[in-house]
Amino acid sequence: MNFELTEEQKAIRDLAREFAQKEIAPIAAKIDETGEFPRETVKKLGELGLMGIEVPQEYGGGGLDAMSYVLAIEEVSKVCASHGTIMSVNNSLVCYGLNKFGTEEQKKRFLTPLASGKKLGAYSLTEPQSGSDAGNMKTRATLQGDTYVINGRKSWVTSGPVADYIILFAATQPELKHRGTACFIVDTHLPGFALGKTEPKLGIRASATCEITYENYQLPASHRIGQEGEGFKIAMTILDAGRIGIAAQALGVAEAAYEASVAYAKEREAFGQKIAEFQAIQWMIADMATRIEAARLLIYNAASKKDRHEKFTRDASMAKLFASETAMWVTEKAIQVHGGIGYSKELPVERYFRDAKITEIYEGTSEIQRLVIARSALENK
Ligand code: CAA
């Protein structure tokens, strides 16, 4: 397979890299410490066209491909994984779903402001009792006339506290389990919508995550995306695309930790020589480089299958599984290469380690990715 980048793909990668290094790098450590949501830089990401990269230009997006998307996520996450999270949720969990399943009217009304970065989106599937078992949702949407009345509680909503619109999944016929669910686009400014506690997180601390409750929240039926009964399949289809983005985020974090380790190994001395001259360090560097390259190839493979309109569920899971476990492994080794200073907040290496962990959990844990891959392998026998 040929993964040589086109001029357009190189241009978007360079744009994201330059913006991340110039505008995000100076604030990355501070917002990690304070947990402050980076409104200004997120607005600028929108102005640069990085919040709706794959959305057609007629709906305010960049009209680019999935490969361009992963390159941009990788560059931004290399500098700040919190920005990578905010970007990936808006791009793939929100805009991708609206573009794929929305009506023309829904695209004009919701997708255009979201893809152009004028509004911010979130995605809400998880509930306190259902994370991996996503079909087991208790949030109810009951049709009364041409209005849905929604009641329930959602958790772990990334960008929830700041979102204008949320892609919400709720049960319309709970007795039918996952086949009795529907997808909606929620306006967060309507009555009955209430933000719950904000999660105090280990990593990606500048991305805001919260609980949300719906109490007799009324939504016009025109906000339903797809048909009743299609909610779970829409959720899964969207997550397939999202997982490629999280894999690219993990790759960016791993690369940042790797590059810091190489630079430090060439500078730090012990026993009268640079630590890069010790085989113990060289082997860690070699393994880091190899795993990163393998993760990159899996990600590019999944993105290029998506661009060719082939089925990519299994490939997205493989990319996310391997890239997230690579990020965790590489960031842990990066602290080891740095020794004591790697454990200190004076360097960003400990932040990379904390940020890496979530990529093994959200948008499907590593165990769920293995389940998806195993089912695909066994079905094909
Ligand atoms: N695309 C389309 N349809 C799919 C699909 C996919 N990738 N995967 C499954 N389906 C369909 C199946 O074909 C099946 O259809 P039928 O009803 O016609 O038979 C239906 O969905 C049910 O499928 P399964 O029997 O496989 O369902 P399951 O209950 O065994 O669950 C699962 C499968 C893979 C475990 C799924 O529940 C899953 O992915 N869980 C993890 C959820 C997750 O990733 N949550 C993260 C939420 S977002 C987040 O992290 C927060 C954030 O803001 C970033």
Side-chain angles (χ1 to χ4, degrees), residues 73 77 81-82 84-97 100-101 120-137 139 154-163 165-169 171 173 176-183 186 198-199 201 203-204 207-212 226-250 302 305-306 310-321 324 355 357-376 378-379:
I73 290 277
S77 304
S82 292
T85 299
I86 300 160
M87 225 177 122
S88 84
V89 167
N90 199 76
N91 269 279
S92 41
L93 294 190
V94 179
C95 289
Y96 173 73
K100 192 165 177 72
F101 297 104
L120 190 68
Y123 173 97
S124 190
L125 175 66
T126 303
E127 299 187 0
Q129 80 293 340
S130 64
S132 293
D133 185 9
N136 176 33
M137 58 189 99
T139 298
K154 290 283 178 181
S155 52
W156 293 102
V157 189
T158 305
S159 297
V162 282
Y165 296 119
I166 299 181
I167 301 284
L168 172 80
F169 299 91
Q173 285 183 280
L176 297 181
K177 306 270 167 70
H178 72 268
R179 289 185 179 155
T181 58
C183 175
V186 157
T198 297
E199 300 295 343
K201 304 193 297 289
I204 55 161
S207 83
T209 313
C210 71
E211 279 196 349
I212 292 173
Q227 301 304 313
E228 281 195 17
E230 291 180 349
F232 190 76
K233 283 195 184 182
I234 293 175
M236 291 298 114
T237 306
I238 293 176
L239 280 170
D240 284 347
R243 287 166 184 169
I244 303 179
I246 299 307
Q249 178 190 33
K305 273 199 171 179
K306 181 166 180 280
E310 292 173 24
K311 191 164 167 48
F312 61 91
T313 300
R314 181 193 76 128
D315 308 271
S317 284
M318 284 181 168
K320 181 182 182 288
L321 171 65
S324 60
D355 286 345
K357 184 61 202 170
I358 190 63
T359 65
E360 291 185 322
I361 298 173
Y362 64 8
E363 299 201 26
T365 60
S366 291
E367 291 70 28
I368 292 297
Q369 307 313 325
R370 286 188 167 88
L371 179 101
V372 171
I373 297 162
R375 281 185 182 174
S376 154
L378 296 167
E379 272 166 20

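These values consider heavy atoms only, across backbone and side chains, with no hydrogens, waters or symmetry-generated copies. All ligand and atom numbering here is 1-based and tracks the order in the structure.
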A side-chain contact here means heavy atoms from C-beta on lying under 4.5 Å apart; do R370 and T365 qualify?
no
Are there any N/O pairs under 3.5 Å between ligand 1 and the protein, and if so, what are their distances?
{"from": "ligand 1", "atom 1": "7 (N)", "to": "D240", "atom 2": "OD1", "distance (Å)": "3.3"}
{"from": "ligand 1", "atom 1": "7 (N)", "to": "D240", "atom 2": "OD2", "distance (Å)": "3.0"}
{"from": "ligand 1", "atom 1": "17 (O)", "to": "H178", "atom 2": "NE2", "distance (Å)": "2.6"}
{"from": "ligand 1", "atom 1": "17 (O)", "to": "R179", "atom 2": "NE", "distance (Å)": "2.8"}
{"from": "ligand 1", "atom 1": "17 (O)", "to": "R179", "atom 2": "NH2", "distance (Å)": "3.2"}
{"from": "ligand 1", "atom 1": "18 (O)", "to": "K233", "atom 2": "NZ", "distance (Å)": "2.9"}
{"from": "ligand 1", "atom 1": "19 (O)", "to": "R179", "atom 2": "NH2", "distance (Å)": "3.0"}
{"from": "ligand 1", "atom 1": "26 (O)", "to": "R375", "atom 2": "NH1", "distance (Å)": "2.7"}
{"from": "ligand 1", "atom 1": "30 (O)", "to": "R375", "atom 2": "NH1", "distance (Å)": "3.1"}
{"from": "ligand 1", "atom 1": "30 (O)", "to": "R375", "atom 2": "NH2", "distance (Å)": "3.1"}
{"from": "ligand 1", "atom 1": "37 (O)", "to": "S132", "atom 2": "O", "distance (Å)": "3.3"}
{"from": "ligand 1", "atom 1": "39 (O)", "to": "R243", "atom 2": "NH2", "distance (Å)": "3.1"}
{"from": "ligand 1", "atom 1": "40 (N)", "to": "S132", "atom 2": "O", "distance (Å)": "2.8"}
{"from": "ligand 1", "atom 1": "44 (O)", "to": "R243", "atom 2": "NH2", "distance (Å)": "2.9"}
{"from": "ligand 1", "atom 1": "44 (O)", "to": "G364", "atom 2": "N", "distance (Å)": "2.9"}
{"from": "ligand 1", "atom 1": "50 (O)", "to": "E363", "atom 2": "N", "distance (Å)": "2.7"}
{"from": "ligand 1", "atom 1": "53 (O)", "to": "T158", "atom 2": "OG1", "distance (Å)": "2.9"}

Main-chain N/O of V372 paired to S376 side chain as donor or acceptor, under 3.5 Å
no
Got a sec, which residues hit side chain to side chain contact (heavy atoms under 4.5 Å, CB included) with A208, two or more places apart in sequence or on another chain?
F37, P161
Salt-bridged, K154 to E127, with N to O below 4.0 Å?
yes
Hey, does the side chain of K100 reach the backbone of T237 with a donor-acceptor pair shorter than 3.5 angstrom?
no
Nearest heavy-atom pair of A319 and A302: which atoms, and what distance?
CB-CB, 4.3 Å
